[in-house]
Every structure is written in C-alpha cells, then in structure tokens.
Amino acid sequence: MKMRKRPNVLLTGTPGVGKTTLGKELAQRTGLTYVNIGDLAQEGQLYDGYDEEYQCPILDEDRVVDELDEKMVEGGAIVDYHGCDLFPERWFHIVFVLRTDNTQLYTRLESRGYAGKKLQDNVQCEIFQTIYEEAMEAYSEEIVHQLSSNTPEDLERNLEQIVQWIEQWMKDHN
Ligand code: DAT
C-alpha cells in the first residue's frame with residue numbers, strides 16, 4: 001500500500017518565540033515527525049567551526065541538508081530552526097514565522113540564561129523582523145505566514161489552525 005502524502009511544515013523565528021513548544025505539540029496532534037535542526041546537528045556533529053563571539057558551534061548547512069533530504073522528499077516533517085534560507089525551497093509546503101513582543105521575548109531569553117550581547121542581538125533580531133524577511137526572500141510569499149506567539153491562547157489558536165491546514169492539505173493531496 002502506498003503511504004499517504006503528508007506535507008512538510010517549517011516553523012521558524014527568533015530563538016525563544018516558541019517554535020519547539022508548538023512543533024512538539026503539533027507532532028503529537030498530527031502524527032507528523034518533529035525535527036529540531038539544533039538537536040540534529042548536535043547528534044551528528046554537523047558543525048563547521050566555532051563562533052567565538054556567540055560561543056557556539058557553526059552549523060554545517062550542506063551536511064544538514066544532505067542528512068535530511070531523503071526524509072523531506074518523503075514528507076510529513078515539522079522542521080524547527082531559527083533560520084530558513086539554508087533549506088531548499090522545494091522542501092516546504094508552508095512556512096510559519098512565529099513572532100513575540102520584544103519585552104516578552106527578553107524575559108524568555110533571560111530565563112534561558114542569555115545575557116549581554118547574545119540577549120540583545122536576539123531581541124534586536126525580533127525587532128528588525130530579520131527572520132520574517134529572510135523567509136519572504138527564500139520562499140514564495142503566499143506560503144509564508146506570521147503567527148503571534150505571546151500567550152498560551154496564541155499557542156492553542158496556532159495549534160488548531162495548523163492542524164486544520166494539515167488535515168485539509170492531506171484531503172486535497174490523497
Ligand atoms: P524556541 O523553540 O522558538 O526557541 P521555545 O518553544 O523553547 O522557543 O519557547 C521559549 C519559552 O517560551 C518556553 O519557556 C516556553 C515559552 N512559550 C512558548 N510559546 C509560548 C506562548 N505562546 N505563550 C507563552 N509562553 C510561550
């Protein structure tokens with residue numbers, strides 16, 4: 001029996017906006033597979049150098065793409081990453097950019113242990129809507145959607161909307 005076709009969903013946005021929270025719950029509700037790019041890189045040591053300024057390893061983007069391509073061609077992945085222009089455009093059927101008010105984001109990142117320049121740069125990334133612009137450049141504008149991610153009510157509404165979108169996509173493609 002042929003597998004049902006399933007869409008690939010990209011969840012992107014500044015660190016701390018709620019991608020992981022949304023992605024894991026979405027995977028639970030839909031049966032799609034949650035893929036955290038940070039974790040994947042960590043597990044496979046898919047790094048290419050070390051960023052001294054931010055004190056973190058630098059992602060080897062080519063190896064990440066190679067590692068995931070087969071799975072993405074198959075479909076049914078929810079990908080979580082704080083960047084979006086490293087992935088092939090053909091991978092994704094829809095892209096969600098989560099957005100959080102900067103005071104809220106500041107608090108979340110501070111409680112994650114971010115401080116100083118790292119904290120400031122990440123909040124500024126959100127203020128300048130850097131990831132939204134990156135997404136609008138990298139993907140067809142019609143598939144890029146912004147979602148407010150400030151409150152638990154936002155989370156529930158986003159979950160319901162995306163679950164509905166996935167179910168409709170599967171009806172239309174099977
Ligand atoms: P990300 O994966 O984008 O870095 P996360 O899912 O780890 O973000 O969430 C960061 C923190 O914010 C975490 O403590 C959970 C909280 N959070 C996520 N979405 C939220 C929402 N819609 N309302 C309130 N808090 C939220």
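Nothing fancy with the numbering, it's 1 onward along the sequence. Note that ligands are numbered from 1 as they come in the structure, with each ligand's atoms numbered from 1 the same way.
- If you take CG on D51 and CD1 on I58, they are separated by 5.0 Å, rounding to the nearest 0.5 Å.
- At the top of the distance list for atom 13 (C) of ligand 1, counting protein heavy atoms only, stands T21 OG1, 4.5 Å.
- Considering backbone and side-chain N/O atoms, D154 never comes within less than 3.5 Å of an N/O atom of ligand 1.
- The closest side-chain donor-acceptor pair between Q168 and D172 falls under 3.5 angstrom.
- Salt-bridge check for R157 with D154: passed, with a basic side-chain N closer than 4.0 Å to an acidic carboxylate O.
- A salt bridge does not link R4 to E74: none of the charged side-chain nitrogens sits closer than 4.0 Å to a carboxylate oxygen.
- What sits closest to atom 23 (N) of ligand 1 on the protein, heavy atoms only, is T151 C, 3.0 Å.
- Closest to atom 2 (O) of ligand 1 among all protein heavy atoms lies T20 OG1, 2.6 Å.
- The aromatic rings of W169 and W165 are tilted relative to each other, their planes meeting at an angle between 30° and 60°.
- Counting heavy atoms closer than 4.0 Å to ligand 1, residue N150 contributes backbone atoms (N, CA, C, O) but none from C-beta onward.
- With E156, K19, H82, R108 as candidates, the residue nearest to atom 12 (O) of ligand 1 on a non-hydrogen basis is R108.
- Set against the non-hydrogen atoms of L155, the atoms of ligand 1 under 4.0 Å away are 22 (N).
- Of the protein's non-hydrogen atoms, R112 NH2, 2.9 Å is the one closest to atom 7 (O) of ligand 1.
- Counting heavy-atom neighbours within 6.0 Å of E133 CD, excluding the residue itself, gives a total above 12.
- Contact check on K118 versus E53 returns no salt bridge, with no Lys/Arg side-chain nitrogen under 4.0 Å from an Asp/Glu carboxylate oxygen.
- Partners of Q120 under the side-chain contact (heavy atoms from CB on, under 4.5 Å) rule, at least two apart in sequence or in another chain, do not exist in this structure.
- Within ligand 1, the atoms closer than 4.0 Å to a non-hydrogen atom of S149 are 19 (N), 22 (N), numbered from 1 in the order shown.
- Around atom 10 (C) of ligand 1, the closest heavy atom drawn from P15, G38, G23, G16 belongs to G16.
- Closest to atom 8 (O) of ligand 1 among all protein heavy atoms lies G18 N, 3.0 Å.
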